[in-house]
Number of protein chains: 2
Amino acid sequence: MNAEDTQKMADLLKALGEFNRLSLVYRLCDCQTPQNAMCLCDCCSVDASVVSRHLKVLAEEGVVQFEKKGREKTYSLNKSEIAQTLRNLADKIEGGDE
Amino acid sequence: MNAEDTQKMADLLKALGEFNRLSLVYRLCDCQTPQNAMCLCDCCSVDASVVSRHLKVLAEEGVVQFEKKGREKTYSLNKSEIAQTLRNLADKIEGGDE
DNA sequence: TACATACTTGCACAATTATGCAAGCATTTA
DNA sequence: TAAATGCTTGCATAATTGTGCAAGTATGTA
């Protein structure tokens, strides 16, 4: 495993490894439709600006994607991509590629 | 998902989400036998004291386990447990439990 | 006993991070 | 146009984190 890929994986895990960000991810798990940021604010008891920044981190790491709709931004999980990445890590840890 | 479980999962992901710690995990992936800390030092270019502290974090989160052997400590990955936890997260994200 | 090896711990420090508040921008509505 | 809504950004701050060095402990060896 080269350093670049290791860093990328670490960055993803770090993005997921914060309480409020993970809460946002869990919240999005339960939504069938994309949600705007104000709606997502409900799941963590922090300022809206904080939620905005956490969503930005998640978007930068490819965990969520968003669409701009008027003055709203609607977010959804990149479910299959993130799930696949986590499963690949699980496989590697369990020794599936040796 | 309750707050306690969310925090626990976030703590695990945070433990994995740092470059040198993830490097240690990857290194242990490739070892068939438990490795001592000095050997593990090779995979990250930081002081031995730093490796010691990272291994402590990984042990606290249950990522690795160790055995004391004389003046050495030999570390190994909790492969199946961590792999299972990551797969559960992947399943949840992909919506497998709805 | 003296020394070497394997690790841990205390201290200091720089860098990063999470946060709230206030002010900003963009868009929609009255 | 004025006001409301949804979100972002700048600033300040407290807390956390990663790191190296030096000194410590514990165990093995000469």
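Note on naming: letters A, B, ... go to the chains in the order of the sequence lines (proteins, then strands), and numbering restarts at 1 for each one.
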request  = Hey, could you give me each pair passing ring-ring contact (aromatic ring centres under 6.0 Å, His included) that has a residue in residues 18-43 of chain A? Not counting sequence neighbours.
outcome  = none
request  = Could you tell me the separation between the NZ atom of A/Lys56 and the CZ atom of A/Arg21, rounded to the nearest 0.5 Å?
outcome  = 12.5 Å
ask   = Can you tell me how far P of C/dA6 sits from OH of B/Tyr75, to the nearest Å?
value = 14 Å
message = What residues from residues 3-25 of chain A pass a heavy-atom cutoff of under 4.0 Å to DNA chain C?
response = A/Lys14, A/Glu18, A/Asn20, A/Arg21
inquiry  = Within this structure, what is the CG-CD distance for the pair A/Asn2 and A/Gln7, rounded to the nearest 0.5 Å?
reply    = 11.0 Å
key: 5′-ward residue of the pair A/Lys56/A/Glu72 relative to DNA chain D   = A/Glu72
Rounded interatomic separation in angstrom, taking CG from B/Asp42 and C1' from C/dC7 = 15 Å
ask   = Between A/Val63 and A/Val57, is there a shared hydrophobic cluster once you connect ILVMFWY residues whose side-chain heavy atoms come closer than 4.5 Å?
value = no
task = For B/Lys68 and B/Gly70, work out which heavy atoms get closest and say how close.
result = NZ-O, 3.2 Å
request  = Go along nucleotides 21-30 of chain D 5' to 3' and tag each nucleotide: B for a protein heavy atom under 4.0 Å from its base, S when only backbone or sugar atoms are that close, - otherwise.
outcome  = B-----BB--
query = So does A/His54 get a side-chain nitrogen or oxygen closer than 4.0 Å to the phosphate oxygens (OP1/OP2) of C/dT19?
reply = yes
query = How close or far is atom C1' of D/dC7 from atom CE of A/Met38, stated in whole angstroms?
reply = 6 Å
Between C1' of D/dT19 and CG of B/Leu55, the distance in whole Å = 15 Å
task = Could you check whether A/Phe66 gets within reach of a base, just the sugar-phosphate, or nothing at all, counting any heavy atom under 4.0 Å?
result = nothing
4.5 Å side-chain heavy-atom contact, B/Asn78 and A/Ile93 = no
request  = Rounded to the nearest angstrom, tell me the gap between atom CD in A/Glu60 and atom C1' in D/dT8.
outcome  = 13 Å
inquiry  = As an exercise, state the distance from OG of A/Ser23 to CE of B/Met9, rounded to the nearest 0.5 Å.
reply    = 12.0 Å
d(CG, B/Leu58; C1', C/dC7) in whole Å = 16 Å
inquiry  = Is the shortest side-chain heavy-atom distance between B/Leu28 and B/Val64 below 4.5 Å?
reply    = yes
task = Verify the cluster assignment for B/Tyr75 and B/Met38: are they in a single hydrophobic cluster under the rule of side-chain heavy atoms below 4.5 Å apart?
result = no
inquiry  = Go nucleotide by nucleotide along DNA chain C from the 5' end; which of A/Ala48 and B/Thr74 gets its closest nucleotide reached first?
reply    = B/Thr74
